[in-house]
Trainee: 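Please find one structure pasted underneath; my questions will follow.
Heavy-atom basis, side chains included; hydrogens, waters and symmetry copies ignored. From a predicted model like this one, the values you see are computed outputs, not experimental measurements.
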Amino acid sequence: MVSSLYIANARLVRLDAGDALTPGGVLVEGDTIAGVAVTPVEQDCARPGTRGVRRRRHGADTGPRQRALSLLQHPAEGDPEQLPLEPWALYTVAYGRALGGEAIRLAVLLGAAEMIRNGITACLDHFPHTRWAEAALAAHQASGMRVGFAPFMHDVWDHEFLQIDLPPAIRARLDAAPRSDPGDVERMYRDLVDRWHGREGRLTIMLGPNAFQRCSERLVALWRYLSDELGLATHTHLLETKAQGRRGQAVWSGGTVGEMARGGLLNERLSVGHGLWLTPEERDLLARHGVTVVHNPASNLMLGSGRLSLPAMMQAGVPLALGTDSSNSGGPHNLFEVMRLALMLSRPDMPDPRAWPKAARIFEMATTGGARALGLAGAVGRLERGQRADLVLLSPCTAALAGAPLTLPHLVQHAGTEAVAAVMINGAWVLRDGRILAFDEPAVLAQVAALTAECLASAQSDVEFAETAAPYFSGSAASTPLEPP
């Protein structure tokens, strides 16, 4: 028998209702929203034999909250915090090499605990350490979260593409790092799709090229072939720094996006992280092909990469989503914070307040935009009949929310982790009464504490190399952020 649950006396966040929250209830049957009732006909939705959960004065907010994020970065949160992307990446690689299967498992669950408590039901894990893919996917399955898993492929390093002049010894060590082999990559993706794609209705395998400029012609050809052959959604980085933008314009007619278009890589199944240094022509190309750009404002600020021209993206009609990026670049996995940043960052450059991005548009980026980036448009992201039952219940009885009428702009501007009362993913409660139900959070925290010192010690040699190499990357044009075009 399919279990039924009715969440009553709620105030619903529905994008088609404008800024107002709609009194009503939600009927969940199994893993699906079977009905959404709006007062005064709320009682018509409940069916005989349905168990009721009455959440007075709660707003129900749907997931997923899309994250361009690599969960395994949690153990590396001690990375240097005052470096731009290119030298910063040397440290992420150094710490990443110290992670084994157990560290990956704990990192995934640690990230899941943080996200669930922040009211996030789904994430996109752009995963660099492909040899530990099985450990990561097993942990994602245990986490209770909805996950788009996009393992990396890349075989061109930043110092090669950006033409950074390096001492021979440093270049030799960087060049010795393993590069993705097309045959191995194809076997990996096919195997992961066969064994993990669609498991428990929550796990989705995606293609995860690191970035277009980090893939050789052979890998780009494989990317295009697998996208067509397997029909998978794809996620990649795009034009995150000024150096990438300038070099792309110098190497390819029409820049990086123009070359991607000629290669047949642009389509509605593609999402790209950052997109800070797009030209107007490149923005138009992305919009024309329905490519989703994942805006990561906290990470962009942390790394000094620049600021996305959000109004220009909206005017061009580019589909948009929101992300936090990894924990050691974007900070907390807190999409409330990210929504506020996205809402406010462009205001100083827009003298007419009437043109400022609206709270409803930002909320849409965090929900339906996220679903699109995960390749799940139409399946999750809205409070509608037939959608998967990914629900977040918020309590207005917090210091930040009390004392003002509850509206969508009020939630976007003032809500936070403390308002998250319960989280349901795929029809199952994963957080209630302050306790994560999907896995043993206290045990994960204890194990992480015990493992952290071991990982840091193991990474010491690689960290020392990163310290030696970083000045050469910091001295490049890559490290001087300017306003995006």
Trainee: Between His414 and Leu401, is there a donor-acceptor pair closer than 3.5 Å when you use the side chain of the first and the backbone of the second?
Mentor: no
Trainee: Within the distance-only criterion (no hydrogens, no angle test), does the side chain of Asn296 pair as donor or acceptor with the backbone N or O of Ser299 below 3.5 angstrom?
Mentor: no
Trainee: For Arg432 versus Ala422, what's the shortest heavy-atom pair and its separation?
Mentor: CG-CB, 4.1 Å
Trainee: Looking at every heavy atom in both Ala389 and Ile33, which two are closest together, and how far apart are they?
Mentor: CA-CG1, 3.9 Å
Trainee: Go through the steps for Leu431 and Val420 under the test side chain to side chain contact (heavy atoms under 4.5 Å, CB included), then give the verdict.
Mentor: CA-CA 9 Å; Leu431 175 72; Val420 177; 3.9 Å; yes
Trainee: If I compare all heavy atoms of Leu222 with all of Pro182, which pair ends up nearest, and what's the gap?
Mentor: CD2-O, 3.3 Å
Trainee: Please answer whether the main-chain N or O of Pro151 pairs with a side-chain N or O of Tyr189 as donor and acceptor at a distance below 3.5 Å.
Mentor: yes
Trainee: As an exercise, state the distance from CZ of Arg340 to CG of Leu335, rounded to the nearest 0.5 Å.
Mentor: 10.0 Å
Trainee: Where do Arg307 and Leu301 land on the side chain to side chain contact (heavy atoms under 4.5 Å, CB included) test, with the steps shown first?
Mentor: CA-CA 7 Å; Arg307 287 191 297 160; Leu301 292 172; 4.3 Å; yes
Trainee: With a 4.5 Å heavy-atom cut-off, do Leu5 and Met424 have their side chains touching?
Mentor: yes
Trainee: Report the residues that fulfil side chain to side chain contact (heavy atoms under 4.5 Å, CB included) with Thr407, sequence neighbours left out, ordered by chain and then residue number.
Mentor: Pro409, His410
Trainee: Decide side chain to side chain contact (heavy atoms under 4.5 Å, CB included) for Leu83 and Leu90; before the verdict, give the C-alpha distance in whole Å, the side-chain angles of both, and the deciding distance to 0.1 Å.
Mentor: CA-CA 10 Å; Leu83 290 175; Leu90 296 169; over 6 Å; no
Trainee: For Glu467, enumerate each residue passing the side-chain hydrogen bond (donor to acceptor under 3.5 Å, both in side chains) test, keeping only those at least two apart in sequence or located in another chain.
Mentor: none
Trainee: Using the test side chain to side chain contact (heavy atoms under 4.5 Å, CB included), find all partners of Asn210 that sit at least two apart in sequence or belong to another chain.
Mentor: Phe152, His154, Arg214, His237
Trainee: In terms of heavy-atom contacts, does CZ of Arg195 have more than 12 from other residues, nucleotides or ligands at under 6.0 Å?
Mentor: yes
Trainee: So how far is it from Glu384 CD to Thr368 OG1, rounded to the nearest 0.5 Å?
Mentor: 9.5 Å
Trainee: Closer than 3.5 angstrom, by distance alone: can the side chain of Arg199 be matched with the main-chain N or O of Leu137 as a donor-acceptor pair?
Mentor: no
Trainee: Closest heavy-atom contact between Phe336 and Ala415?
Mentor: CB-O, 3.5 Å
Trainee: Please name all residues satisfying side chain to side chain contact (heavy atoms under 4.5 Å, CB included) with Arg131, sequence neighbours left out, ordered by chain then number.
Mentor: none
Trainee: So, taking the atom named CG in Leu85 and the one named CE in Met302, what distance separates them when rounded to the nearest 0.5 Å?
Mentor: 12.5 Å
Trainee: Looking at residues at least two apart in the chain, or sitting in another chain, which of them share a side chain to side chain contact (heavy atoms under 4.5 Å, CB included) with Glu454?
Mentor: Leu451
Trainee: May I ask you to decide if His274's main-chain N or O and Glu240's side chain share a donor-acceptor pair within less than 3.5 Å?
Mentor: no
Trainee: What I want to check is whether the side chains of Arg14 and Thr22 have a donor and an acceptor closer together than 3.5 Å.
Mentor: no
Trainee: Any ion pair linking Glu364 and Arg361 (charged N to carboxylate O, less than 4.0 Å)?
Mentor: yes
Trainee: Taking Arg173 first and then Asp462, would you say they form a salt bridge - that is, a charged N and a carboxylate O separated by under 4.0 Å?
Mentor: yes
Trainee: Start with the C-alpha distance between Phe212 and Gln244, add both sets of side-chain angles, then the distance that settles side chain to side chain contact (heavy atoms under 4.5 Å, CB included), and finish with yes or no.
Mentor: CA-CA 11 Å; Phe212 177 76; Gln244 293 173 12; over 6 Å; no
Trainee: Donor-acceptor pair, Asp433 side chain versus Arg435 backbone, under 3.5 Å?
Mentor: no
Trainee: Considering non-hydrogen atoms only, spot the tightest contact between His235 and Val272 and give its length.
Mentor: CE1-C, 4.0 Å
Trainee: Would a distance-only check, ignoring hydrogens and angles, find a side-chain to backbone donor-acceptor pair under 3.5 Å from Asn267 to Leu270?
Mentor: yes
Trainee: Is a side-chain N or O of Gln387 found less than 3.5 angstrom from the main chain of Gly381, in a donor-acceptor match?
Mentor: yes
Trainee: I'd like to know if the side chain of Asp390 and the backbone of Asn426 have a donor-acceptor N/O pair within less than 3.5 Å.
Mentor: yes
Trainee: When rounded to the nearest 0.5 angstrom, what distance separates OG1 in Thr234 from CG in Leu265?
Mentor: 8.5 Å
Trainee: Measuring from Glu418:CD to Asn118:CG, what's the distance to the nearest 0.5 Å?
Mentor: 9.5 Å
Trainee: Once side-chain hydrogen bond (donor to acceptor under 3.5 Å, both in side chains) is applied, do any residues pair with Asp175, and if so which ones, sequence neighbours excluded?
Mentor: His159
Trainee: What's the spacing between Arg372 CZ and Leu320 CG if we round to 0.5 Å?
Mentor: 10.0 Å
Trainee: Answer yes or no: is there a donor N or O on one side and an acceptor on the other, between the side chain of Thr92 and the main chain of Ala89, under 3.5 Å?
Mentor: yes
Trainee: Specify the closest pair of heavy atoms between Val28 and Gly427, including all atoms of both residues, with the distance to one decimal.
Mentor: CG1-CA, 4.3 Å
Trainee: Pick from Glu134, His140, Gln141: which one makes a side-chain hydrogen bond (donor to acceptor under 3.5 Å, both in side chains) with Trp196?
Mentor: Glu134
